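Treat the numbers as computed from the prediction; the structure is a model and nothing was measured.
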Amino acid sequence: MMNTLFVAWQQPDSKEWIPVAKLEHLNGIYCFSYTQGVYRAKQFRQFSGMSQLHAIYESPHLFPIFSNRLISKSRPEFKDYLRWLGLSGAADNPMAMLALTGGIRSTDSIELFQPPVVTAGGQYRLDFFVRSLSHMPKAIIEQIGGMKEGERLYLMNDSQNDFDRLAIAVRSNKPASLLGYCPKYYAKDLSVLLASRDGDLEVRVKCINLDAPLNMRLLCSVAAKVPAHFAPLETEEDFQPVTGEAPIDWSELTNNLEDTFSRFSYPL
């Protein structure tokens, strides 16, 4: 069962999505805490009612900032929504729904995503919706519509991507068949697994939702053997818990000192 999600925030200037918090559901209690990504997200402001960076917030109920991102069970499309997510029969699993939809709303810059799982047998497991389908030509969308559950897909590094040199593209086995992209949070993990000779990385179609919006059209599953000493997302400091005081930005401190001294300087 999905019990951990990370919360990402989009920086207004660079449009980069930065992990800033972690949401967990443990023994019936929801726990929220900030991660070290808040130090890099310069314009980020703590969420309402969660102003302490070093605190762990707990509640028996899902925090409103996240529960408001779930579709209401009273909505007529709720059953379709679960089917699109591959969660039929999981109406009481809000963490799983948030994991796959991201809880994205057009009114703000917050997204939730699930960390990959590594099983006791050393298998890397991850499900995700293929991104950027809205930018693909009609022929690609039609090709996706004709795919079958279990069909093999492939990943490739897109190092010449003008927007993200770490981007991981998704393709089929047909020529000129770029289908879209993996969510960027998993790019470093997937690059390591792609480069592993013994990884046996496989990507397969988990679900094709012909009647769903494009952002929920193609659901994929990833499986791979992990190399020795591999841990999901471990190369990213942004995901680590907040500990101690925030690191000092010496360039910013220097500028502030110069401003202070200039205000108190006098001509000789």
Side-chain angles (χ1 to χ4, degrees), residues 1-9 17 19-33 35 47 56-106 108 110-121 123-131 133 149-150 153 170 180 182-186 189-190 202-224 231-233 239:
M1 180 178 290
M2 175 55 55
N3 57 17
T4 301
L5 298 175
F6 284 101
V7 183
W9 175 80
W17 288 91
V20 295
K22 181 167 67 172
L23 175 67
E24 297 177 287
H25 189 215
L26 304 170
N27 300 319
I29 300 295
Y30 289 95
C31 303
F32 173 91
S33 58
T35 65
F47 301 131
I56 297 177
Y57 297 89
E58 297 183 346
S59 171
H61 306 290
L62 185 60
F63 301 99
I65 191 173
F66 305 121
S67 62
N68 291 338
R69 298 166 187 277
L70 295 168
I71 186 172
S72 172
K73 295 179 182 179
S74 63
R75 295 271 292 272
E77 67 271 29
F78 182 72
K79 289 185 178 179
D80 288 334
Y81 182 78
L82 292 179
R83 175 171 53 80
W84 297 336
L85 299 176
L87 296 174
S88 297
D92 294 322
N93 193 343
M95 293 287 281
M97 288 187 273
L98 288 171
L100 289 171
T101 65
I104 299 173
R105 295 191 309 194
S106 59
D108 63 11
I110 297 172
E111 180 177 3
L112 292 94
F113 62 97
Q114 60 183 320
V117 172
V118 175
T119 68
Q123 280 285 320
Y124 182 97
R125 303 286 187 183
L126 174 67
D127 291 348
F128 64 84
F129 282 108
V130 174
R131 301 284 180 95
L133 266 62
E149 180 179 338
L153 299 176
V170 182
C182 301
K184 68 173 297 178
Y185 313 111
Y186 312 124
D189 274 8
L190 295 174
E202 280 195 0
V203 183
R204 295 192 180 274
V205 174
K206 183 173 183 177
C207 190
I208 299 292
N209 301 310
L210 297 177
D211 55 341
L214 287 176
N215 65 321
M216 299 172 70
R217 185 68 54 89
L218 174 54
L219 182 61
C220 298
S221 290
V222 177
L233 309 178
F239 294 100

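- In this structure, F6 and K22 approach most closely via the heavy-atom pair CE2-CD, 3.9 Å.
- Taking 4.5 Å as the limit, every side-chain heavy atom of L133 sits out of range of all side-chain heavy atoms of N215.
- To the nearest 0.5 Å, the span separating CZ on F47 from CH2 on W9 amounts to 9.5 Å.
- Between I110 and I65 the shortest side-chain heavy-atom distance falls below 4.5 Å.
- Relative ring orientation between F32 and Y57 is described as tilted, the plane-to-plane angle lying within the 30° to 60° band.
- The two residues T4 and P115 come nearest to each other via the heavy atoms O-CD, 3.1 Å.
- The line from CG of L126 to CD of Q114 is 6.0 Å long, rounded to the nearest 0.5 Å.
- Taken to the nearest 0.5 Å, the CG atom of L70 stands 4.5 Å off from the CG atom of L98.
- Every residue meeting the side-chain hydrogen bond (donor to acceptor under 3.5 Å, both in side chains) condition with R131, not counting sequence neighbours, appears here in chain and number order: E111.
- Here K206 pairs with D127 under the salt bridge (charged side-chain N to carboxylate O under 4.0 Å, His left out) rule; sequence neighbours left out.
- For CD1 of I56, the number of neighbouring non-hydrogen atoms (other residues, nucleotides, ligands) closer than 6.0 Å is 12 at most.
- Closest heavy-atom contact between E58 and C31: CG-SG, 3.9 Å.
- Atom CD of E149 has 12 or fewer neighbouring heavy atoms from other residues, nucleotides or ligands inside a 6.0 Å radius.
- The two residues A231 and D189 have their closest heavy-atom pair at O-OD1, 4.4 Å.
- In terms of heavy atoms, L112 sits closest to F66 at CD2-CD2, 3.8 Å.
- To the nearest 0.5 angstrom, E24 atom CD is 7.5 Å from M95 atom CE.
- When all heavy atoms of V130 and C220 are compared, the pair lying nearest together is CG2-SG, 3.4 Å.
- To the nearest 0.5 angstrom, L23 atom CG is 7.0 Å from F63 atom CZ.
- The closest side-chain heavy-atom distance from S67 to Y30 is not below 4.5 Å.
- Here F128 contributes atom CZ and L219 contributes atom CG; the two are 9.0 Å apart, rounded to the nearest 0.5 Å.
- Here Y185 pairs with F113 under the ring pair (Phe, Tyr, Trp, His ring centres under 6.0 Å) rule; sequence neighbours left out.
- Annotation: side chain of I208 is in contact with side chain of L218 (closest heavy-atom distance under 4.5 Å).
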